[in-house]
Amino acid sequence: MKPLRSFASDNNAGVHSKVLKAIAAANRGHVVGYGDDRYTEAAVGKFRQHFGSDIEVFIVFNGTAANCLSLKALTESYEAVICAEAAHIYTDECGAPEKFTGCKLIPISTVDGKLTVDGVRHAYHGMGDQHHVQPRVISITQATEVGTVYTQREVRELARFAHQHNMFLHMDGARIANAAVSLGLTLREATRDLGVDVLSFGGTKNGAMSAEAVVFFNKKFSLDFLYLRKQGMQLASKMRYISAQLDALLTNNLWQQNARHSNRMAKLLQKEVSKIPGVEIVHKVEANGVFARIPRAAIAKLQKRYFFYVWNEEGSMVRWMCSFDTTEQDVRQFARFVAETLRN
């Protein structure tokens with residue numbers, strides 16, 4: 001029998017019971033569609049409590065849309081977005097950002113998934129040259145695709161470079177909750193206060209179901225966003241069901257509790273598998289993911305029981321993700337199975 005929980009992705013987790021209750025509570029009678037409802041108003045109010053009363057926030061269905069629409073709001077088609085080579089917008093969105101914005105993505109090689117000012121500086125050239133795309137946005141992922149977390153200083157330095165060069169800083173916050181918890185910061189302290197201009201806020205990976213948002217910390221970027229969202233096919237007719245989920249996550253710090261738990265489970269997983277001969281932890285475990293190098297022959301055997309992704313087939317690197325509903329028993333059972341498999 002395969003276990004009920006895998007270590008493939010926090011997308012594979014269920015929906016938190018409090019979020020489900022919020023959906024059920026919203027399922028009463030008729031309300032006006034397309035976001036003109038009290039549930040969306042309440043969710044927007046919660047975002048403003050966390051990020052500031054002068055922000056603009058727009059609810060969308062998924063992370064790819066949040067990223068594409070964020071970047072579209074900041075760019076013209078002859079401009080470019082600088083990102084890490086491992087960035088989701090570059091590797092896992094099927095060219096959607098380039099198709100939707102018309103912009104070129106400029107990938108930068110990184111060791112730990114994190115852009116640096118020096119790396120960005122090398123890509124910042126050709127300004128004023130009509131033959132060259134014009135870099136306009138730096139996009140970072142927090143937490144990164146390899147489970148590391150930008151420090152406050154690192155984000156602040158990238159924001160400073162961006163603003164000094166008439167650029168903007170976009171944050172793909174699919175796992176912003178995990179990063180904020182890892183840093184010991186509030187959501188605002190981890191984003192707006194560090195100089196981020198636009199945030200793709202992730203709820204789905206933190207216990208929600210198809211619930212994301214685009215958060216503008218400067219209203220000038222959001223002036224036409226109502227139309228961009230509609231044109232981007234992200235205006236939900238029954239938005240109350242998405243809004244209620246985000247409201248629930250942002251109430252009584254549920255977002256924080258879920259992220260803290262998944263991060264703690266990743267730390268436990270790191271501790272347990274590090275004891276196993278043949279397992280090498282590749283990246284620092286700073287959020288809810290563990291990246292490990294294991295013998296290639298063991299991968300298929302492990303996958304017969306547990307679903308997880310091979311991150312780098314050549315390097316025999318795998319990714320094991322923890323979620324808000326991962327239990328200590330899940331982790332210890334998995335670690336035992338890894339140990340047994342590698343012994344045989």
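Along the sequence shown, residues are numbered consecutively beginning with 1.
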Original post:
Got R136 and L74 here, is their nearest side-chain heavy-atom distance under 4.5 Å?
Top reply: no

Original post:
When you measure from the side chain of Q142 to the backbone N and O of D172, does any donor-acceptor pair fall under 3.5 Å?
Top reply: no

Original post:
Going by atom types alone, do T251 and D247 pair a side-chain donor with an acceptor below 3.5 Å?
Top reply: yes

**OP:** Evaluate side-chain contact (heavy atoms from CB on, under 4.5 Å) for N178 paired with S262, printing each intermediate quantity in order.
**Re:** CA-CA 8 Å; N178 300 92; S262 57; 2.9 Å; yes

Subject >> Any side-chain heavy-atom pair of Q257 and F324 under 4.5 Å >> reply: no

**OP:** Any chance you could lay out the side-chain contact (heavy atoms from CB on, under 4.5 Å) test for L302 and F337, step after step, and finish with the verdict?
**Re:** CA-CA 8 Å; L302 291 172; F337 183 63; 3.7 Å; yes

Original post:
What are the two closest heavy atoms between A179 and A143, and how far apart are they?
Top reply: CB-N, 3.7 Å

Subject >> Contact check, side chains of L250 and L187, non-hydrogen atoms, under 4.5 Å >> reply: yes

Original post:
Between T204 and E212, does any side-chain donor sit less than 3.5 Å from a side-chain acceptor?
Top reply: yes

**OP:** Assess the pair Y39 and Y241: is the distance between their ring centroids shorter than 6.0 Å?
**Re:** no

Original post:
Can you check whether M127 reaches P135 side chain to side chain, under 4.5 Å on heavy atoms?
Top reply: yes

Subject >> Shortest non-hydrogen contact from N258 toward H16 >> reply: OD1-CD2, 3.3 Å

Original post:
Considering all heavy atoms of both residues, which atom of G195 and which atom of H163 are nearest to each other, and what is their separation?
Top reply: O-CE1, 3.1 Å

Original post:
In terms of the angle between their ring planes, are F291 and H283 parallel, tilted or perpendicular, with boundaries placed at 30° and 60°?
Top reply: perpendicular

**OP:** Take atom NZ of K275 as the centre, draw a 6.0 Å sphere, and report whether it contains more than 12 heavy atoms from other residues, nucleotides or ligands.
**Re:** yes

Subject >> Point-to-point distance, once rounded to the nearest 0.5 Å, from OH of Y306 to CG of D330 >> reply: 7.0 Å

Subject >> Crowding at CD, Q231 (>12 non-hydrogen neighbours, <6.0 Å) >> reply: no

Original post:
Between atom CZ of F58 and atom CZ of R229, what is the distance when rounded to the nearest 0.5 Å?
Top reply: 6.5 Å

Subject >> Pair R48 + E56: basic N to acidic O under 4.0 Å >> reply: yes

Subject >> Nearest non-hydrogen partners of L115 and S139, listed with the distance >> reply: CD1-O, 3.7 Å

**OP:** Determine, for E272 against K267, whether the closest basic-nitrogen to carboxylate-oxygen distance falls under 4.0 angstrom.
**Re:** no

**OP:** Could you tell me whether R192 and D54 make a salt bridge, using a distance below 4.0 angstrom between a side-chain N and a carboxylate O?
**Re:** yes

**OP:** Please round to the nearest 0.5 Å and tell me the distance separating atom CG of L105 and atom SG of C83.
**Re:** 5.0 Å

Original post:
If you measure from the Lys or Arg side-chain nitrogens to the Asp or Glu carboxylate oxygens, is any gap between K104 and E98 under 4.0 Å?
Top reply: no

Subject >> Y309 ring center within less than 6.0 Å of W320 ring center >> reply: no

Subject >> Residue K99 excluded, over 12 heavy atoms near NZ under 6.0 Å >> reply: no

Original post:
What's the shortest heavy-atom distance between P97 and L71, and which atoms?
Top reply: CB-CD1, 4.4 Å

Subject >> H170 side chain to S200 side chain, donor-acceptor N/O pair below 3.5 angstrom >> reply: yes

Original post:
Checking Q134 side chain against G128 main chain: does a donor-acceptor pair fall under 3.5 Å?
Top reply: yes

**OP:** Take D10 and R175 through the salt bridge (Lys or Arg N to Asp or Glu O under 4.0 Å) test and state the conclusion after the steps.
**Re:** CA-CA 10 Å; D10 34 16; R175 297 185 178 94; 2.7 Å; yes

Original post:
Under a 4.5 Å cut-off applied to non-hydrogen side-chain atoms, are R319 and E145 in contact?
Top reply: no

Original post:
Would you say Q164 has more than 12 foreign heavy atoms packed within less than 6.0 Å of its CD?
Top reply: yes

**OP:** Kindly check if the number of other-residue, nucleotide or ligand heavy atoms within 6.0 Å of OH (Y90) is above 12?
**Re:** no

Subject >> Heavy-atom donor-acceptor pair, T148 side chain to D112 backbone, under 3.5 Å >> reply: yes

Original post:
Quick one: do E340 and R336 make a salt bridge, cutoff under 4.0 Å?
Top reply: no

Original post:
Parallel, tilted or perpendicular: which fits the ring planes of F216 and F225, with parallel below 30° and perpendicular above 60°?
Top reply: perpendicular

**OP:** Check the pair T186 / E189 against side-chain contact (heavy atoms from CB on, under 4.5 Å), numbers first and verdict last.
**Re:** CA-CA 5 Å; T186 66; E189 288 169 343; 3.1 Å; yes

**OP:** Find out whether D325 and H261 are in side-chain contact, i.e. whether some heavy atom of one side chain is under 4.5 Å from a heavy atom of the other.
**Re:** no

Original post:
Hey, are K238 and D37 close enough for a salt bridge, meaning a charged N less than 4.0 Å from a carboxylate O?
Top reply: no

Subject >> Worked check of side-chain contact (heavy atoms from CB on, under 4.5 Å) between L158 and V117 >> reply: CA-CA 6 Å; L158 287 166; V117 169; 4.1 Å; yes

Original post:
Are any of the side-chain heavy atoms of L169 and I140 separated by less than 4.5 Å?
Top reply: yes

**OP:** Answer yes or no: is there a donor N or O on one side and an acceptor on the other, between the side chain of N288 and the main chain of C322, under 3.5 Å?
**Re:** yes

**OP:** For the pair N253 (side chain) and Q256 (backbone), establish whether a donor and an acceptor sit closer than 3.5 Å, ignoring hydrogens and angles.
**Re:** no

**OP:** For N206 and A259, work out which heavy atoms get closest and say how close.
**Re:** OD1-N, 3.4 Å

**OP:** State, with a plain yes or no, whether a side-chain heavy atom of T110 is found less than 4.5 Å away from one of E85.
**Re:** no

Subject >> Value rounded to 0.5 Å, distance of OG1 in T116 from CD in E154 >> reply: 9.0 Å

Original post:
Do the side chain of T144 and the main chain of V146 share a donor and acceptor less than 3.5 angstrom apart?
Top reply: yes

Original post:
Okay, side chain of H165, backbone of F161: is any donor-acceptor separation there less than 3.5 Å?
Top reply: yes

**OP:** Kindly say whether F168 contributes a backbone atom to a donor-acceptor pair with the side chain of D197 at under 3.5 angstrom?
**Re:** no

Subject >> Aromatic centroids of F307 and F7 separated by under 6.0 Å >> reply: no

